[in-house]
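Notes to accompany the following structure.
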Amino acid sequence: MLILGIETSCDETAVAVVGDNGLMLSNTVATQVEVHARYGGIVPEVASRQHVLAMGPVVRKAVADAGVSWADIDAVAVTHGPGLAGSLIVGVNAAKGIAASLGKPLVGVNHLEGHIYGAWVQHPPQPMGAHKATPGASGSARVDFGIEPGFPLMCLIVSGGHTELVLMLGHPDNAAGSANAFSLKGETRDDAAGEAFDKAARVLGLPYPGGPEIQRLAENAPTTERFTRPYVRGSDDFSFSGLKSALIRRAREVGVYPAPEGGVDRQTVAALAKAFQSAVVDVLVRKTLEAAERHDCRGIVVAGGVAANKALRMKFVAESPLPVAVPHPSLCTDNGAMIAMSGMYRFKAGMVSDFSLDVDPGLRIGQ
Ligand code: KG4
Ligand code: ZN
């Protein structure tokens, strides 16, 4: 079985082909990061137009890289929400055009479910059964279950727009009456985790996107700063805006914000980056493990752009008593393979979309 997956919910035009057992045959991503970096964030109208420009070449490359012919594709999966309306429209219309011309089904995918399914994609391509849990010394490699540990799974989705704790009860199965296999348990009350990284980076004078920059600086930083962990006790919800305020306050005190004329002290900035990252990571790991225990989970999935964070991956692997799966770092940020994977499970369950599929910018998960 071959599924073409198309993702355009935000600022990546991404298309992939995924085959049997989740084997990733190609994964093409045209990022717009540099275009938006000029503005310090994503400009929706610019994003839509970049998708229009990139879509044709990216689709063609994904199919060529996979070494398959168009006629071999069994279904076309596409993100239809949540995300930026104008960006989603480009992907959904492209998917409709391709599916119609091939005479194959269209499968609308929830972007957040897609992030979770990134953990089922086999990357790098290798024969089924050859993969094993390989957190790696650096903590940067793919972390997988080896064998799916059964359900329920506690899934933490941490991206630029989302921070959600979702209980996954199984794979979607229309026939079994579990079309909605997800149940939302907690979410952020203010900033998303990735958004918090991006805002913290701006305070520290680092470029967008901030997460990778903070991770890089934190790596060799002194442990001389510390922030109170915002746990939001008694709830599975998150809150990161207080942490951001604490960072701003401290950055002012130590003279790195606003940046002084003569430039900032790099060590001080690095220490703040490290302290900020540690606080976010501690909260995400502890709350996920607590929720997993309360719901008798069999395993944990960590997904979304922030799941690429090395400190977060290492802490989950080190502290979780349950098996943990985190997609390969390149499949944590938006990509077509995760959409193809989610689409494959939906397609197998007979959950195809009709051609009136609309975009749903505010689509939720597990409700
Ligand atoms: O999932 P994603 O690509 O897009 C959304 O759906 O939002 O996530 C992007 C977010 C950005 O906020 C970025 O700063 C964050 O993921 N991010 C990271 C890392 N890599 C990306 N945050 C922390 N550490 C990283 N290594
Ligand atoms: Zn995303």
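What you see below is based on every heavy atom in this structure, not just the backbone, and it leaves out hydrogens, waters and symmetry mates. First listed ligand is number 1; within each ligand, the first listed atom is number 1.
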Go around the Zn ion (ligand 2) and count every protein N, O or S atom nearer than 2.8 Å.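 Number of qualifying protein atoms: 3.
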Look at atom CD of E45 and say whether more than 12 heavy atoms of other residues, nucleotides or ligands are closer to it than 6.0 Å.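 For E45, atom CD is not crowded (no more than 12 foreign heavy atoms under 6.0 Å).
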Should [X] and [Y] count as an ion pair when the cut-off is N to O under 4.0 Å?
{"X": "R249", "Y": "E253", "value": "no"}
{"X": "K199", "Y": "D191", "value": "yes"}
{"X": "R229", "Y": "D282", "value": "yes"}
{"X": "R346", "Y": "E113", "value": "yes"}
{"X": "E225", "Y": "R250", "value": "yes"}

Under 4.0 Å to a heavy atom of [X] - the qualifying atoms of ligand 1, by number:
{"X": "T333", "answer": "3 (O)"}
{"X": "H111", "answer": "6 (O)"}
{"X": "S159", "answer": "1 (O), 5 (C), 6 (O), 7 (O), 8 (O)"}
{"X": "G210", "answer": "14 (O)"}
{"X": "G194", "answer": "12 (O)"}

Looking only at protein heavy atoms, identify the closest one to [atom] and say how far it is in Å.
{"atom": "atom 2 (P) of ligand 1", "result": "D334 OD1, 3.6 Å"}
{"atom": "atom 11 (C) of ligand 1", "result": "D198 OD2, 3.6 Å"}
{"atom": "atom 26 (N) of ligand 1", "result": "Q215 OE1, 2.9 Å"}
{"atom": "atom 24 (N) of ligand 1", "result": "N309 ND2, 2.9 Å"}

Any nitrogen or oxygen of F197, side chain or backbone, less than 3.5 Å from one on ligand 1?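 No; every N/O pair is 3.5 Å or more apart.
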Using heavy-atom distances only, which candidate in G161, G305, G211, A311 approaches atom 21 (C) of ligand 1 most closely?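 Of the listed residues, G305 has the closest heavy atom.
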If hydrogens are left out, which of P82, P212, G160, P209 has an atom nearest to atom 7 (O) of ligand 1, that is, the closest non-hydrogen atom?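 It is G160 that holds the nearest heavy atom.
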Would you say K310 contacts ligand 1, with heavy atoms under 4.0 Å as the rule?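 The answer is no, since K310 has no heavy atom less than 4.0 Å from ligand 1.
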Is H115 near ligand 1, meaning one of its heavy atoms is under 4.0 Å from it?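 In this structure, H115 qualifies as a contact of ligand 1 - some heavy atom is under 4.0 Å.
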NZ or CZ of R202 within 45° of Y208 ring axis and under 6.0 Å: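 Pair R202/Y208 does not count as cation-pi.
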Below 3.5 Å, can you tabulate the donor-acceptor pairs from side chains in residues 57-67 to any protein atom, sequence neighbours excluded?
unit_1 : atom_1 : unit_2 : atom_2 : d
K61    : NZ     : D65    : OD2    : 2.6

Centroid separation under 6.0 Å, is that true for the rings of F276 and F197?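 Ring centres of F276 and F197 closer than 6.0 Å.
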Taking the ring of Y117 and the ring of H171, is the distance between their centroids below 6.0 Å?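 Yes, the ring of H171 comes within the 6.0 Å limit of the ring of Y117, centre to centre.
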What part of H162, side chain, backbone, both or neither, has a heavy atom within less than 4.0 angstrom of ligand 1?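 Neither part.
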Would you check if there is a donor-acceptor pair between the side chains of D334 and H111 at a distance under 3.5 Å?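 Per modelled atom types, H111 and D334 side chains form a pair under 3.5 Å.
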Can I get a per-line list of side-chain donor-acceptor pairs under 3.5 Å for residues 258-266, giving both atom names and the distance, sequence neighbours left out?
unit_1 : atom_1 : unit_2 : atom_2 : d
D265   : OD2    : T268   : N      : 3.2
D265   : OD2    : T268   : OG1    : 2.4

Partners passing side chain to side chain donor-acceptor pair (under 3.5 Å) against T79 (at least two apart in sequence or in another chain):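 By the side chain to side chain donor-acceptor pair (under 3.5 Å) rule, T79 matches E7.
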